[in-house]
Amino acid sequence: MVKVRLPDGTVLEHPDGVTAAQIVEAISPNLARAALAAKVNGRIVDLATRFANEEIDFRVLTFKDDEGLYVARHSCAHVMAEAICDLWPGTKLVYGPPVENGFYYDIDLDHPLTPEDFERIEARMKEIVKEDRPFTRYELPRDEAMRKLEAEGNEYKLDNARRADGETLSFYVTGAEPGPRCFEDLCRGPHVPSTSKIGAFKIMQVAGAYHHGDASKKMLQRVYGTTWPSKKELRQHLQFLEEARKRDHRRIGQELGLFTVDPLVGTGLVLWKPRGAVIRRALEQAILEELLRRGYQPVYTPHIGKLDLYRTSGHFPYYKEAQYPPLFDSDRARELNTLWEMAAAAGGGPAGEQERALWEKLASTYPELGKAGYPLDAPAEDRLTRIRAWLAQDDGYLLKPMNCPHHVRIFASEPRSYRDLPVRLAEFGTVYRYEQSGEVSGMTRVRGFTQDDAHVFCTNEQLPEELADCIDLSRFALGMIGLNDYRVRIGLRDPDSDKYIGVAENWDLAENALRAAVRAADMTYSEEEGEAAFYGPKVDFIVKDAIGREWQLGTVQVDYNLPERFGLEYVGADNQTHRPVMVHRALFGSLERFVGILIEHFAGAFPLWLAPIQATVCSVSEKSADYAREVFDLCRKANLRVELDNSGERIGAKIRKATLMKVPYILVIGEQEAQHRTVNVRTREGKQLGSCTMPEFLAACAQEIVTRGAAAPGEEGQASPA
RNA sequence: GCUGCUGUAGCUCAGUGGUAGAGCGCCUCCUUGGUAAGGAGGAGGUCAUGGGUUCAACCCCCAUCAGCAGCUCCA
């Protein structure tokens, strides 16, 4: 007897040997038609799964469930794999999982697949779907399965099998039973009942991918497909992709003249053009005003720092590959630094061969060093100290990869009392990171960028309040833009790991404080153990844009590490010295990336307060040109960012031009307006707001700017000048 | 960094082993037109850079640089 408990609590009884499909059929034939798989006791299984002598929690999965869709996507990958193997018999399959929006299959095939091939593959897939063959699972004992795979000679599948757990390995046949003419694949499953159930699909692209992501392995072809419950949803997804393509900040940034990247300047180094600079400045000003209200103190720090600053912070040479190479103004500094790197790499022990050879050379080149001597057999720690002492006279510099060490040194520049804390130092700090060439893209992944950075130095007791304020500030910043759809991720330490610095009670304090602040703010959040930095727990803000894409923006991080490394202290009420705790936080992350995201979020149609050009004055003809200029001057005097179009074009062309530039307000100035001393206002959305006087228009704009109105993209501004 | 694709006018892109084209933009002129493209004329290119093959290279080959997609990475 099998007792089946449905999600609504109903319990059904079935005889032993019943399949999931039969259980569904008994619930409802309609449901049976839609069924793709079942979730039994929390595990997703094939509908062909049999049960005997047990009690099960049972849920049917259809296209309405993410898990059902997931199963269909996986099955679709099998269908595609079969199609490709049919068309190119030499194909070796590697690995074909479902992913967001669809699936991919990695294949080893010498013929490079092209979009023309996609059509052939899809055509073959459609035939397979039409044949409506069942997916049939069978299992073999591990050793038998391995023999079978060895005989087939696909080393990738053998590798997959070696990595798989369990006493048996499962295979899926696309057909009623295994046989020489049936497609089959080593696969954990589960799958939909038959090939007609995989939904609507399309092969999207092919790209290179390494086996296990290992660049030393052969490059495979990764064929991506997308799968949806129906053609309608497939179409919607393709439309979404088209929409995302249209919003691409690289394209809009070019069209609207916001920024450029010049190979002569350098890959990943953004040049903000005047119109882009307007957006950035407006954001910086809005943030700055709020920071001042909250007791932050703006600081400025240089773009480079001595290498020893980063030796102290630990960022050098740990992140060496991600930094621009250090600047040296002497060979001595360069060579001493190399010696230092060698000693640092020695793992604490005595000098290695290279280090000894370099020292020989240094000792002869620089007599004063040779005279001072170098303890080659002493612990690395001693050698490092010695080298740093020498470098103190003449060291290299590093383009700063982060602002924290500079801010730390500002904190350390004067004695601090507990009465001075918290110290909140803020800076739009530009940092440089040498991202891999393949990573650099537009404004969202660059090599030089400006963080809206701040560091709070406080006591442990103050930490909860400071974290709460950081989180509140992040919410304020996002709300200012109208980005109100976000969640947060709390990164906690892994309690079983010992990689974390600092004492457990401080971690508990910080983690609880972050959790409490997030809860108090009533935000959607997830807690993720093991996601903390080694130096402290953190909170990341993940924001949804206008078309539903998620971006990680701000972050609040507790740091017990840097105060320790730099020996920061303050004098407490007890007249003893104490170590402050540090909070790193960025609201938007970097201004480059954030503006890039905003361009896509608003599709270039920025709200009035951010719009590079807020209004364009368009004369209807030369007869109204003088009044148009008067209107233009009035706007400019009112600090509106305005342009004048007195060109010989017709009014339609002028309006089109301004609309394409996403200018919020177009002021149409003809003889009627000149006569009545009014302006006729049209929005970039094409809405005619009618006529009003200049004071009315300017007041409405001022109001809209001050309230940062029209934050929701695609909607009308709050203020209506008409 | 890896693999693949791409690089032609300011932008978007055609094109051919015998030294180059369109549309938009730009300039000039005509037009004085009322809510998304008025008309005509003109200027503008070392065909990414450096090598090679060839009688001849924008085109074929190699390298470099840059862009795109994916992989890997992001303190």
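Letters A, B, ... are given to chains in the order of the sequence lines, protein chains preceding strands, and every chain is numbered from 1. Note that the structure is predicted; figures quoted are calculated from it, not measured.
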Open item on the list: Please tell me whether A:T678 and A:H676 have a donor and an acceptor in their side chains that are separated by less than 3.5 angstrom.
Closed with: no
Task: Nearest listed nucleotide, side chain of A:K623, among B:A75, B:U72, B:G33 - done: B:G33
Open item on the list: I want to check one thing: is the phosphate of B:C11, taken as OP1 and OP2, less than 4.0 Å away from some side-chain N or O of A:R251?
Closed with: no
Task: Donor-acceptor pair (no angle test) under 3.5 Å: A:E673 side chain, B:G34 base - done: yes
TODO: Could you grab the distance from atom OG1 of A:T444 to atom NE2 of A:H249, nearest 0.5 Å is fine?
DONE: 4.0 Å
Task: Nearest-angstrom distance from the residue atom OH of A:Y318 to P of B:C73 - done: 14 Å
Open item on the list: Any strand counts, and the cut-off is 3.5 Å on both contacts for Watson-Crick or G-U wobble. Which nucleotide pairs with B:C71?
Closed with: B:G1
Task: Any-strand Watson-Crick or G-U partner of B:A36, both distances under 3.5 Å - done: none
Task: Proximity to the side chain of A:Q688 - top-ranked nucleotide from B:G70, B:U35, B:A75 - done: B:U35
Task: A:T267 side chain, from C-beta outward: closest of B:G67, B:U32, B:A75 - done: B:G67
Open item on the list: Nearest to the side chain of A:V620, heavy atoms from C-beta on, is which of B:U35, B:G33, B:C71?
Closed with: B:G33
Task: Among B:A69, B:G34, B:A75, the nucleotide that comes nearest once only the side chain of A:Q672 is considered - done: B:G34
Task: Any donor-acceptor N/O pair under 3.5 Å between B:C73 base and A:R445 side chain - done: yes
Open item on the list: Please name the nucleotide paired to B:G41 by Watson-Crick or G-U wobble geometry with both distances under 3.5 Å, or report none.
Closed with: B:C27
Task: Presence of A:Y665 side-chain N/O under 4.0 Å of B:U35 phosphate oxygens OP1/OP2 - done: no
- [ ] If B:A57 has a Watson-Crick or G-U wobble mate with both distances under 3.5 Å, name it; if not, just say none.
- [x] none
TODO: Can you tell me the pairing partner of B:U19 across any strand shown, Watson-Crick or G-U wobble, with both distances under 3.5 angstrom?
DONE: none
Task: Residue A:A322, side-chain atoms from C-beta onward, closest of B:G38, B:A75, B:A36 - done: B:A75
Open item on the list: Counting only side-chain heavy atoms from C-beta out, which of B:U72, B:A36, B:G70 sits nearest to A:Q205?
Closed with: B:G70
Open item on the list: Measuring from the side chain of A:Q436 (C-beta onward, heavy atoms only), which nucleotide among B:A75, B:U72, B:U32 has the closest atom?
Closed with: B:U72
Open item on the list: Measuring to OP1 and OP2 of B:A69, would you say a side-chain N or O of A:R250 lies under 4.0 angstrom away?
Closed with: yes
- [ ] Could you work out the separation of B:G25 and B:C11 based on their C1' atoms and round it to a whole Å?
- [x] 7 Å
- [ ] Identify whether NZ of Lys or CZ of Arg in A:R593 sits under 6.0 Å from the centre of the six-membered ring of A:W551 and within 45° of that ring's axis.
- [x] no
Task: Pairwise 5' ranking along RNA chain B for A:I655 and A:R433, keeping only the more 5' one - done: A:I655
Task: A:D108 side chain to A:Y156 side chain, donor-acceptor N/O pair below 3.5 angstrom - done: yes
Task: Residue-phosphate contact under 4.0 Å: A:K654 side-chain N/O, B:G34 OP1/OP2 - done: no
Task: Contact under 4.0 Å: A:K657 side-chain N or O vs B:C26 OP1/OP2 - done: yes
Open item on the list: When both hydrogen-bonding distances must be under 3.5 Å and the geometry is Watson-Crick or G-U wobble, what is B:U64 paired with, if anything?
Closed with: B:A48
Task: Among B:A36, B:G33, B:A75, the one nearest A:S621 by side-chain distance - done: B:G33
Task: No-hydrogen, no-angle side-chain donor-acceptor test under 3.5 Å, A:S619 and A:N646 - done: yes
Open item on the list: Whether the side chain of A:Q221 and the base of B:C71 hold a donor-acceptor pair under 3.5 Å is what I'd like checked.
Closed with: no
- [ ] Please determine if A:R447 forms a cation-pi arrangement with A:Y434, meaning its NZ or CZ atom is less than 6.0 Å from the six-membered ring centre and no more than 45° off the ring axis.
- [x] yes
Task: Integer-rounded Å distance: B:U12 C1' and A:I252 CD1 - done: 16 Å
- [ ] Looking only at side-chain atoms of A:L660, point me to the closest of B:G67, B:A36, B:C71.
- [x] B:A36
Open item on the list: If we count only N and O atoms by modelled type, under 3.5 Å, do the side chains of A:Q557 and A:H584 hold a donor and an acceptor together?
Closed with: no
